[in-house]
Amino acid sequence: MKISTLYRWLLFIVLGALGAYFTIMGGYLITLKGSPFYAITGIVLILVALLFICRKRIAFGLFNLLFIATIAWSLWESGFDFWALAPRLDIIFILGILLLPFVARKGELYCRANKITLLLLLLVTLVIIIGSLFTDPHAVKGEFSQQQPAKSQSIAGVSDNDWPAYGRTQAGIRYSPLTQINSDNVDTLVEKWTYHTGDKKGPNDSVETTNEVTPIKIDDNLFLCTPHQYLISLDPATGKEKWRFDSKLQFNKSFQHMTCRGVSYYDENNRAEFAKSLETRQPASSSQCPQKVFLPVNDGRLIAVNAHTGEACHDFGNEGQINLLESMPYAYLGGYNPTSPPIVTGNTIIIGGSVTDNLSTQEPSGVIRGYDVNSGKLLWVFDTGAEDPNAMPGKQTEFVHNSPNAWAPLAYDATTDVVYIPTGVGTPDIWGGDRPPLKERYANSVLALKASTGELIWNFQTTHHDLWDMDVPSQPSLVDIKNAKGEVTPAIYIVTKTGNVFVLDRRDGTPIVPITEKTVPTRVTLGPQTQGEHYSPTQPFSKLDLAPTQRLKESDMWGGTMADQLLCRIQFNQLNYDGIYTPPSENGTLVFPGNLGIFEWGGISVNQDRQVGVMNIIALPFISKLYLKDPHDDEKLEGGGSEQGLQPMKGVPYSVDIHPFLSPIGLPCKQPPWGFVAGIDLQKNEIVWKHRFGTIRDSLPDLMQLPPLTIGVPGLGGSISTAGNVMFVAASQDDYLRAFNVTNGEMLWEARLPAGGQATPMTYSIDGKQYVVIMAGGHGSFGTKMGDSLIAYGLPDNK
């Protein structure tokens with residue numbers, strides 16, 4: 001057989017197979033009230049295949065008509081968006097190239113008009129695709145008009161050179177007044193030192209073993225914790241280890257999290273700055289550790305360590321530690337899991353913790369507690385599920401099981417001695433038919449408590465009767481907002497998984513940015529109604545909203561090619577989806593914003609001098625599917641080691657499967673971008689700029705690598721900003737630390753990391769040199785490369 005004949009038959013098979021696939025699956029899509037274009041494409045390809053093998057010249061004319069229709073359809077559905085156009089045009093473009101040898105040479109099938117038309121269509125497609133690389137319909141291109149003040153405002157009690165708390169201050173603004181590294185020279189940054197913790201994921205570790213730590217720096221000490229809760233002190237100038245404290249963490253694979261986001265610091269000699277309000281100032285103590293570091297431990301402990309020696313503070317609690325499982329119901333190992341650094345005031349240390357999601361109705365309490373900062377004595381409690389949340393536990397009483405927990409970092413206003421607490425939903429998360437009102441009263445809220453007593457001042461709920469895991473996921477940011485007249489309002493910025501940014505007066509919780517209660521879906525449209533469930537008819541929405549403005553539609557579905565895009569469209573039409581807050585269902589519900597949310601634990605960074613906020617955000621849908629179960633099934637179901645996949649929800653009628661909305665080849669079904677960086681004006685409360693963030697370089701096997709084009713990928717971790725007009729952020733699924741111009745969002749620099757950077761960076765100065773530090777250790781459940789590297793960057797020595 002001649003090579004040309006073999007090629008002809010192979011091409012016939014390809015055309016016929018594609019035609020049959022698109023006809024059958026596209027026909028099924030039509031039955032789901034979806035687009036007819038795929039079925040039409042399939043029918044035409046079958047005709048082209050038959051006419052081609054029969055050596056009919058009209059085959060090429062028919063193919064060219066399909067090519068024209070595909071270009072027109074693609075532009076109509078997606079506009080000039082490269083990532084949306086490419087999978088719509090790739091198959092037809094490749095088929096055109098494969099057919100070109102037959103239509104381009106003289107012979108029985110030769111037709112000059114078909115030849116010229118096909119060549120023009122291939123050229124037009126290339127022009128469209130290349131041209132679309134230079135446009136982005138999802139971007140917001142703007143600039144902040146405000147310029148950085150000549151001298152940034154320092155914070156009393158906090159050295160400009162230090163980063164003494166998780167968010168630099170306990171107000172959670174993640175902003176440094178340092179200017180040595182700035183938007184003019186940041187592109188010259190080089191690696192100055194790397195420290196390896198030696199703490200790597202092991203065979204008995206939880207799936208979600210993560211390196212999310214943001215170190216803190218005070219004077220000549222840099223403190224950090226690791227996934228197995230080693231507390232380490234480094235020399236901030238060289239990265240050399242000074243001491244290491246082993247918490248002797250007890251753990252197993254059932255832990256849902258093995259995470260330490262950070263530690264907290266207390267200085268007896270500077271206690272007035274931890275709480276400036278007069279009523280909380282007390283005489284200095286005789287503590288063995290005037291300067292101490294507090295380490296949250298995932299097995300349910302809080303440890304105080306001498307900041308200078310690395311030894312436990314034996315006069316704190318029981319030989320240096322507090323048992324946070326004391327008075328806890330269902331106090332099994334790993335059930336109550338403190339993962340975020342506590343708040344430290346002049347006399348109180350305040351801590352919350354994570355509770356295993358979606359495991360059972362017999363879980364520990366989400367109680368928030370205040371302890372004496374020196375002795376470790378329990379001073380007050382706030383149990384979010386109790387009738388009297390301040391009632392202290394007794395010999396015969398325990399905290400309320402499954403009450404809403406506070407796993408994210410807390411925020412603190414030292415001038416008023418008020419702590420602001422973000423809460424989640426009482427587990428199980430995805431079914432709430434039997435939750436009593438008391439367990440929903442303070443769920444998905446921010447609570448303002450008197451830090452010295454735990455007394456409630458006000459609370460605000462961001463989601464009613466949460467069935468989607470819409471916790472308040474990050475540390476609130478306390479910001480003084482100036483209006484056009486120069487009047488100042490003390491505000492709190494509450495970012496949420498839904499994308500809503502609630503801006504309240506932090507004195508009384510009244511809205512600064514308008515909030516509207518809007519009607520949301522309350523019925524399952526496909527499949528049976530969920531047994532025993534009820535729904536909130538309305539939910540609160542802020543005028544400042546970072547979520548996509550339009551609800552998803554079929555044309556938003558994506559894939560690497562038209563073939564898997566078609567499958568995503570079929571899935572989309574099979575799922576329950578009526579917009580945000582569509583109820584979970586046995587049929588399966590598309591959840592968007594998804595379980596990762598628009599915002600996660602990284603929060604936002606605020607330059608109060610310029611009244612500017614910067615952030616990285618996520619846009620990735622999930623699927624939530626309920627499975628009605630026999631009560632006896634609870635004995636067989638296992639869980640707790642991951643927040644994705646089948647979750648048992650023991651004690652309620654359903655188990656649930658939660659996973660990202662992906663195509664059969666593992667790509668997100670929603671077309672990109674799935675991640676952005678953004679800047680907002682805090683006076684106008686408007687988005688000024690927004691750009692895609694990150695590539696898929698580290699999401700594909702080496703043999704499938706594509707050019708590192710910015711597609712916009714999800715990110716876990718937060719951003720920081722500086723008076724040097726620079727925003728630093730890692731977080732994304734590719735292994736980079738990046739710097740952006742705060743004024744307009746332009747990327748200025750990037751550095752390749754040895755592992756995933758799912759942590760928030762920090763910056764400080766020592767010996768006259770500014771450093772930017774990031775933990776590149778990866779994230780077990782996010783799928784990035786694991787490691788143990790803490791890396792510091794700075795300007796070259798000749799700068």
Side-chain angles (χ1 to χ4, degrees), residues 206-208 210 254-257 259 337 354-361 363 402 405 407 424-433 435 443-444 463 465-471 473 496-498 521 524 526-527 530 533 535 552 568 571-572 574-578 580-601 618-629 633-634 637-664 666-670 674 714 716 779-783:
S206 160
V207 172
E208 191 161 313
T210 68
S254 71
F255 274 45
Q256 199 164 77
H257 306 278
T259 295
N337 188 323
S354 170
V355 174
T356 305
D357 281 348
N358 293 316
L359 179 58
S360 77
T361 55
E363 299 299 316
N402 293 71
N405 62 87
W407 60 266
V425 61
T427 188
D429 301 37
I430 313 299
W431 190 85
R435 289 183 208 149
N444 307 90
T463 297
H465 192 61
D466 179 19
L467 304 173
W468 307 268
D469 192 19
M470 291 297 149
D471 301 340
T496 64
K497 287 187 177 182
T498 62
V524 171
L526 296 174
T530 304
E533 188 57 273
Y535 311 103
L552 293 178
C568 283
Q571 282 192 77
F572 177 81
Q574 289 174 328
L575 293 168
N576 279 296
Y577 178 68
D578 295 306
I580 188 173
Y581 293 119
T582 300
S585 63
E586 292 182 52
N587 176 76
T589 292
L590 180 61
V591 181
F592 187 66
N595 290 59
L596 289 179
I598 299 296
F599 289 98
E600 252 293 338
W601 49 264
I618 311 169
L620 186 68
F622 272 62
I623 292 175
S624 172
K625 186 171 183 178
L626 295 171
Y627 290 90
L628 189 63
K629 61 188 180 184
D633 290 345
D634 278 346
L637 292 170
E638 296 181 357
S642 174
E643 290 186 272
Q644 295 184 25
L646 187 64
Q647 310 285 297
M649 299 207 296
K650 297 177 182 180
V652 306
Y654 294 91
S655 56
V656 63
D657 186 275
I658 303 170
H659 57 270
F661 183 28
L662 303 178
S663 73
L667 291 173
C669 273
K670 174 194 169 293
W674 311 298
L716 283 179
H779 196 287
S781 60
F782 199 55

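The first residue of the sequence shown is numbered 1, and numbering continues consecutively from there.
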Measure the spacing between CZ of Phe592 and OG1 of Thr582 and express it to the nearest 0.5 Å.
12.0 Å
Residues at least two apart in sequence or cross-chain that pass side-chain contact (heavy atoms from CB on, under 4.5 Å) with Leu628, listed by chain then number, are Gln531, Glu586, Pro653, Tyr654
For the atom pair CG (Leu626) and CD (Glu533), what is the distance rounded to the nearest 0.5 Å?
8.5 Å
Under the rule for salt bridge (charged side-chain N to carboxylate O under 4.0 Å, His left out), what residues qualify as partners of Asp469, not counting sequence neighbours?
Lys497
Looking at Asp471 and Val425, what are the two nearest heavy atoms and their distance?
OD1-N, 3.2 Å
If I take atom CD1 from residue Ile658 and atom CG from residue Asn595, how far apart are they, to the nearest 0.5 angstrom?
5.0 Å
Between Asn337 (side chain only) and Phe255 (backbone N and O only), is there a donor and an acceptor less than 3.5 Å apart?
no
Determine the minimum heavy-atom distance between Ser354 and Asn405, stating which atoms define it.
CA-OD1, 3.9 Å
Which residues share a side-chain contact (heavy atoms from CB on, under 4.5 Å) with Leu590, sequence neighbours left out:
Leu552, Phe572, Leu575, Tyr577, Pro621, Phe661
Show the nearest heavy-atom pair for residues Ser663 and Cys669, with the distance to one decimal.
N-SG, 3.5 Å
I need the Glu363 CD to Asn358 CG distance, nearest 0.5 Å.
9.5 Å
Closest non-hydrogen contact found for Ala619 with Ile598 is CA-CD1, 4.4 Å
Test your reading of the model: is there a side-chain donor-acceptor pair from Thr427 to the backbone of Asn402, 3.5 Å cut-off?
no
Could you work out, with side-chain contact (heavy atoms from CB on, under 4.5 Å) as the rule, every residue matching Thr361, not counting sequence neighbours?
Pro428, Val652
Identify, with sequence neighbours excluded, every residue that meets ring pair (Phe, Tyr, Trp, His ring centres under 6.0 Å) alongside Trp468.
Tyr581
Return the set of residues passing side-chain contact (heavy atoms from CB on, under 4.5 Å) with Ser585 (not counting sequence neighbours), or none when no residue passes.
Val524, Asn576, Asn587, Thr589
For His465 and Tyr535, which heavy atoms make the closest approach, and how far apart are they?
CD2-CA, 4.2 Å
